[in-house]
Structures are given as C-alpha cells and as structure tokens.
Protein chains: 2
Amino acid sequence: MQRDTSQRRAIRRALEAAGRPLGALEVLEASQADAPGLGIATVYRNIKALLKAKEISEVQLPGEPPRYEAAGKDHHHHFRCDRCEKVYELGGACLPDLKNALPRGFKVSSHEVLVHGVCAACARK
Amino acid sequence: MQRDTSQRRAIRRALEAAGRPLGALEVLEASQADAPGLGIATVYRNIKALLKAKEISEVQLPGEPPRYEAAGKDHHHHFRCDRCEKVYELGGACLPDLKNALPRGFKVSSHEVLVHGVCAACARK
DNA sequence: CTATTTTTGATAACGTGTTATCATTATCAG
DNA sequence: CTGATAATGATAACACGTTATCAAAAATAG
C-alpha cells in the first residue's frame, strides 16, 4: 500500500461514511459512486491492506461472510435486521454477570452480542 | 427418515451425549465409536434429517461452520474455548437493558451471546 | 515529461464445507 | 424368509467467498 489511488480512497471513504459494518459487496457498491468501474478484486485487495494497516476491522457474524468497519471504535455490539440484512452498530449496554454464568474454571477473554430484529427503516414499511 | 439404522442411532446418541454443540466432523468422530466405518456423507445426511425432524438444532458461530446440538433446550448461550476450539453451553445469565441500547424504531426479535476464553480443561494444562 | 513500478480489472483458479451420484448393503413389511 | 426399497460409503461435483494471474492503466520520483 504505497500509492494513493482513487479506488482506495473511495473504499476508505465508503467504510467511514457507512457508520455500520459493510460486506465486500456492499463496499463495492458503495464505492462505485466515487470510483466508477471499480472491480471486486480491488475491493478485496484493499480490504486486506486496510486491515493490515489497522484502518478497519473485521466483524464476523454467525453464518455470514465477514463485514468491515472503521477501526478504533469503543466496545460495542451489533444489530442485524431480519428484513434488509443490514448490520447496525449498537452503543452502550453490555453484559452484567457473565462470571456467574460460567462453569467453574472457565476464563473469559471477550464476548460478543448480536441482536436480531427489524430496523427502523424496515419497520416503517 | 423411515428406517432406524445403526448409523443414525449413533449420530443421535453422540449429539445427546456431548452436551455441547458439535460440528460435522466432531459428530463423525464421536459416532464412529458406535458405528464403525461411518462416512461423512451419512453424517451430513442425518444432520439434515434430524434438523428437519427438529430433534437437533443448528448453532452458528461467527466465522465457523455450523455446529449442532440436541433440540428443546432452554434459552442459553455459548462459550468457545480459544485453545481447543470446543464450544460449551452456558446456562442462565441473559441480557439486561437491551431496549435502552437500541436506536429508536428498532424492534428486537432475538439475540445471541458468544463468550470467548479458555475452558477449564485447557486452563488446567 | 518520462521511466519505473505499483495498482487495477477481468476472470480463472482455489479452498472449504456441503450435496449429488451410484453401486452396494441393510431394514422391515408381509 | 424374502422382496422392495431406503440408507450407506466412497467420491465426484458443487457453491460460495476469496485469491492468483496477467496485461493494461495509473501514480510518483527524478
């Protein structure tokens, strides 16, 4: 990642502007506004480069290909809309009494929460 | 699923005995004790049949192929050991104030929690 | 501006997990 | 017990997301 290309700028910008994790195809689509003709290979290449540079981070959800979001956010969880399948960011609200729920001898290093439901945009319809 | 084969019995038994979600290969391995010569195709076939019959249910974790567990358990979450990569069942301890964390207009239908860490067996070593 | 070298886009190839195929074996109704 | 047929095991084929290949285009140093 040594040259500053319009494609990479578009991809970076799309991920920052989204405010929610995007999958590779969502990145492609969102970036094509700024970078016409952008190809999927370039998206994957740049996602990998931006991950290595820690500008973005990977968000894995059960049973789905990875999504990516701007790096450096505070601890948060995600909401996945059952209708449009978009994933949103959830601030605050974390786990309370994890320790009590654990079998003896188990040690926690991290956790993740995924909330399913219908987002505001879809509920409106 | 009309005939009662030793293979299907072995698979059912392995999933019940495990007490934790097993992946397809774990099912294969665990079942081969009771059903020598068992093949992976039969495992996949029977997993599908048992799912349809609602005897087992699918457990999806981020970035991993599905696991399966006996159906009909109470609401619970899972713990994945970073070392041995086994997944355990966690009883109790559920989310508190989900509603407050949601953006306006979002509706929750369900949620899932995954705890990462080291299991008792691995911590001992 | 030019030469060098990275990056790109199209697409073939890949890896992993799962499903289809098909000849053989096992179950079970009669 | 026997015939009909469902189920099995080996393995080829598939699906999907991702990576590799390579000629052409674009970025940067000088």
Query raised in the report: With sequence neighbours left out, which residue pairs that include part of residues 9-25 of chain B fulfil the side-chain hydrogen bond (donor to acceptor under 3.5 Å, both in side chains) condition?
Result: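 Sorted result for residues 9-25 of chain B: B:Asp4-B:Arg9, B:Arg12-B:Glu55, B:Arg13-B:Asp34, B:Arg20-B:Glu26.
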Query - Nucleic acid footprint by protein, nucleotides 24-30 of chain D - heavy-atom cut-off 4.0 Å, B for base, S for sugar-phosphate alone - result: --BBS--
Query raised in the report: Just by protein heavy atoms under 4.0 Å, how would nucleotides 10-17 of chain C read 5' to 3' in B, S and -?
Result: BB-----S
Requested in this report: Could you list the residues that satisfy salt bridge (Lys or Arg N to Asp or Glu O under 4.0 Å) with A:Glu64, not counting sequence neighbours?
Outcome: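 Applying salt bridge (Lys or Arg N to Asp or Glu O under 4.0 Å) to A:Glu64 gives A:Arg67, A:Arg80.
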Requested in this report: Only counting residues at least two apart or in another chain, list the ones meeting salt bridge (Lys or Arg N to Asp or Glu O under 4.0 Å) with B:Lys107.
Outcome: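 Residues passing salt bridge (Lys or Arg N to Asp or Glu O under 4.0 Å) with B:Lys107: none at all.
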Whole-Å distance separating the [atom1] atom of [X] from the [atom2] atom of [N]:
{"X": "B:Met1", "N": "C:dT27", "atom1": "CE", "atom2": "C1'", "value": "15 Å"}
{"X": "B:Leu25", "N": "C:dT18", "atom1": "CG", "atom2": "C1'", "value": "11 Å"}
{"X": "B:Ile11", "N": "D:dG9", "atom1": "CD1", "atom2": "C1'", "value": "12 Å"}
{"X": "B:Leu28", "N": "C:dT18", "atom1": "CG", "atom2": "P", "value": "12 Å"}
{"X": "B:Arg8", "N": "C:dT27", "atom1": "CZ", "atom2": "C1'", "value": "11 Å"}

**Report entry** Residues which pass side chain to side chain contact (heavy atoms under 4.5 Å, CB included) with A:Ala121, listed by chain and number, not counting sequence neighbours
**Finding:**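 Only A:Cys119, A:Arg124 meet the side chain to side chain contact (heavy atoms under 4.5 Å, CB included) criterion with A:Ala121.
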Query - Partners passing side-chain hydrogen bond (donor to acceptor under 3.5 Å, both in side chains) against A:Thr42 (at least two apart in sequence or in another chain) - result: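 So A:Thr42 forms a side-chain hydrogen bond (donor to acceptor under 3.5 Å, both in side chains) with A:Arg45.
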Requested in this report: Not counting sequence neighbours, which residues clear side-chain hydrogen bond (donor to acceptor under 3.5 Å, both in side chains) with B:Lys48? List them please.
Outcome: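 Scan of B:Lys48 (side-chain hydrogen bond (donor to acceptor under 3.5 Å, both in side chains), adjacent residues dropped) gives none.
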Query - Connected-component partners of B:Tyr68 among ILVMFWY, side-chain separation under 4.5 Å - result: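 Members alongside B:Tyr68: B:Met1, B:Ile11, B:Leu15, B:Leu22, B:Leu25, B:Val27, B:Leu28, B:Leu38, B:Ile40, B:Val43, B:Tyr44, B:Ile47, B:Leu50, B:Leu51, B:Ile56.
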Requested in this report: Please determine if a side-chain N or O atom of A:Asn46 lies less than 4.0 Å away from the OP1 or OP2 oxygen of C:dT7.
Outcome: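 For A:Asn46, the contact criterion (side-chain N or O under 4.0 Å from OP1 or OP2 of C:dT7) is not met.
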Query raised in the report: Quick one: ring-ring contact (aromatic ring centres under 6.0 Å, His included) partners of B:Phe79, sequence neighbours excluded?
Result: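 For B:Phe79 the ring-ring contact (aromatic ring centres under 6.0 Å, His included) partners, ignoring immediate neighbours, are A:Phe106.
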Query raised in the report: What is the bend of the helix from C:dC1-D:dG30 to C:dG30-D:dC1 when you compare the axis at one end with the axis at the other, using five pairs each and rounding to 10°?
Result: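 So the angle between the two local helix axes works out to 40°.
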Query raised in the report: Taking the side chain as C-beta and beyond, is there a heavy-atom pair between A:Val118 and A:Cys84 under 4.5 Å?
Result: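 A:Val118 does not reach A:Cys84 side chain to side chain.
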Query - Any side-chain donor near an acceptor of the partner, A:Glu112 and B:His116, under 3.5 Å - result: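 Yes.
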**Report entry** A:His75 and A:His77: CA distance, side-chain angles, deciding distance, side-chain contact (heavy atoms from CB on, under 4.5 Å) verdict
**Finding:** CA-CA 7 Å; A:His75 176 72; A:His77 297 297; 3.3 Å; yes
